[in-house]
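Here's the structure, in structure tokens; my notes come after.
To find a chain, count down the sequence lines: A is the first, B the second, and so on, and within it residues start at 1.
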Amino acid sequence: MDIHLYNTATRSKELFAPLDPENVRMYVCGPTVYDRAHLGNARPVLVFDILYRLLKTQYPHVTYVRNFTDVDDKINARAAESGRSIGEITAETSQWFLDDMGAIGALEPDHMPRATAYIAEMVEMIEGLIDGGFAYAKEGHALFRVREYARYGKLSGRSVDDMIAGARVEVAPYKEDPMDFVLWKPSDAQTPGWDSPWGRGRPGWHIECSAMAKALLGPQFDIHGGGNDLMFPHHENEIAQSCCANGTDRMANVWMHNEMLQVEGKKMSKSLGNFFTVRDLLEQGVPGEVIRFVMLSTHYRKPMDWTEKKREEAEATLRKWYAQVEGANEGKVTEAVTTALADDLNTPQAIVELHQLSQKGDGSALWAAMRLLGVMGDAVPGWAAVSDADLSAYEAAFSSVRADAMQTKDFSKLDAMKQMLIAAGVEVKMRKDGVDLVAGPSFDPVKLESMP
RNA sequence: GGCGAGUUGGCGGAGUGGUGACGCAACGGAUUGCAAAUCCGUGUACAGGAGUUCGAUUCUCCUACUCGCCUCCA
């Protein structure tokens, strides 16, 4: 099946053609590990998780790399204020990230390199850039000479001159040109640092991805992804570094960027008070599958608005589907579902196809499709499982009361009983010749104890 | 200020140069002691203006508005 992906670099949807069909290679910019992942961090993880799953259905092998940025001034600040070591913080935070992303159904990438494990590769790459005249060392810094790379700004559609005119660039005495960006910077005694030809210091933010991508995927690979906030400057800088250091004309063939997440129509930010982490939601009792479903219900290139209403709808839909899947045997993913995903990860369209399967009552195909989307595994998750509470005694009692009521035309006792059952979270389904009681999601057996 | 994305019915959300995607909600009907659930059915949405066209929601241009990035926050 043909897969089409929107390539930011060309601003168009293109037929995906891997460099090596035996080994599709993708790199996604991962988190800076200094705290819990917030909901916005989850979006790229889920978007590229879907891409990873899709690619795996079409190619024999996919190599997915997502890094951990464990050297960064935010981490340094966190260490300084908490008195804990950097290693302790990054180890703990990295595991939190994996736990939280696992809870929302994200598969782990094949490689999850930590920046601090690739310092030597970064130094080597910077040396190469300096040797080639693309970078220079000054006052303990190494800087990339942006004017040396003619294609700088092409990915994000900017020109160097326009950006200078915008005057939002940092001017520093050690820079030849205000646009030049840092590859390596000096560390003082309190700041983590590594020895280098330019003195003890630490890498700039962008070089890690160039070095790790090269080490694990080679100088050129298929897909590079991340949030669209990374398009500039991060990805622009990565391209400049990698292409100049590796002598290639491109770093990745396809650049993919997801749009940002909002909460109730506004940017999620601490100042607006609508900032929360994935863990916060999970602790509030929002199942990971629901978080994932809401995320997938908006196409990745559109802003995604997290709302309470969507959360509720997603949960209702999933409960309905889980009930249909329970008892079915897992079948095969229908072509319509895969086709939707193959069209630039059109997850909302894929969800439509799942609705169709649900409508047709095709539980086995639904199961397979839900698994592909990552909201279903080998069994229905516990939170959605139909309760196995034995209500047969109540069923019998209710049936006989109902039979009496039908005779006497006095339904008051029956209605009272029904109210109690409903209050206890029991779904009451009356048929002509009987009654079914099903424990609903909010079933509370304690409330039935006062029943006659 | 620069760059970019977007504006589809009550809400969410795909898609298409020409027969009202889909989900939720709503409404009508069947069923029901009454409800619920279920089933059947109903709705003439494509920001505004101009242009291209036999025909535009879909293409082009302009306007308005929203959002994002450029700045530690994805």
Any N or O donor-acceptor pair under 3.5 Å from the base of B:G13 to the side chain of A:Asn346? no
Return yes if a side-chain donor-acceptor contact under 3.5 Å exists between A:Gln324 and A:Trp367, otherwise no. no
Stems with RNA chain B, 3 or more Watson-Crick or G-U pairs in a row (under 3.5 Å), are B:1-7 with B:64-70, B:10-12 with B:22-24, B:26-30 with B:38-42, B:47-51 with B:59-63
Does the side chain of A:Glu313 pick up a donor-acceptor pair with the side chain of A:Thr317 at under 3.5 Å? no
Taking RNA chain B as the partner, which of residues 275-304 of chain A come within under 4.0 angstrom of it by heavy atom? A:Ser297, A:Thr298, A:His299, A:Lys302
Do A:Arg202 and A:Ser187 have a side chain donor and acceptor closer than 3.5 Å? yes
Ignoring hydrogens and geometry beyond distance, is a side-chain donor-acceptor pair present between A:Asn76 and A:Thr191 at under 3.5 Å? no
Please confirm whether any donor atom in the side chain of A:Lys418 sits under 3.5 Å from an acceptor in the base of B:C34, or the reverse. yes
So that I can tick it off, tell me whether A:Glu312 and A:Lys309 are bridged by a salt bridge, with the cut-off set at under 4.0 angstrom between side-chain N and carboxylate O. no
Strictly under 3.5 Å: I want the nitrogen or oxygen pairs between protein and nucleotides 19-26 of chain B, one per line.
residue	atom	partner	partner atom	Å
B:C24	O2'	A:Glu313	OE2	3.3

In a check of salt bridge (Lys or Arg N to Asp or Glu O under 4.0 Å) between A:Lys13 and each of A:Asp2, A:Asp343, A:Asp344, which one passes? A:Asp343
A:Arg43/A:Glu259 ion pair, N-O < 4.0 Å: no
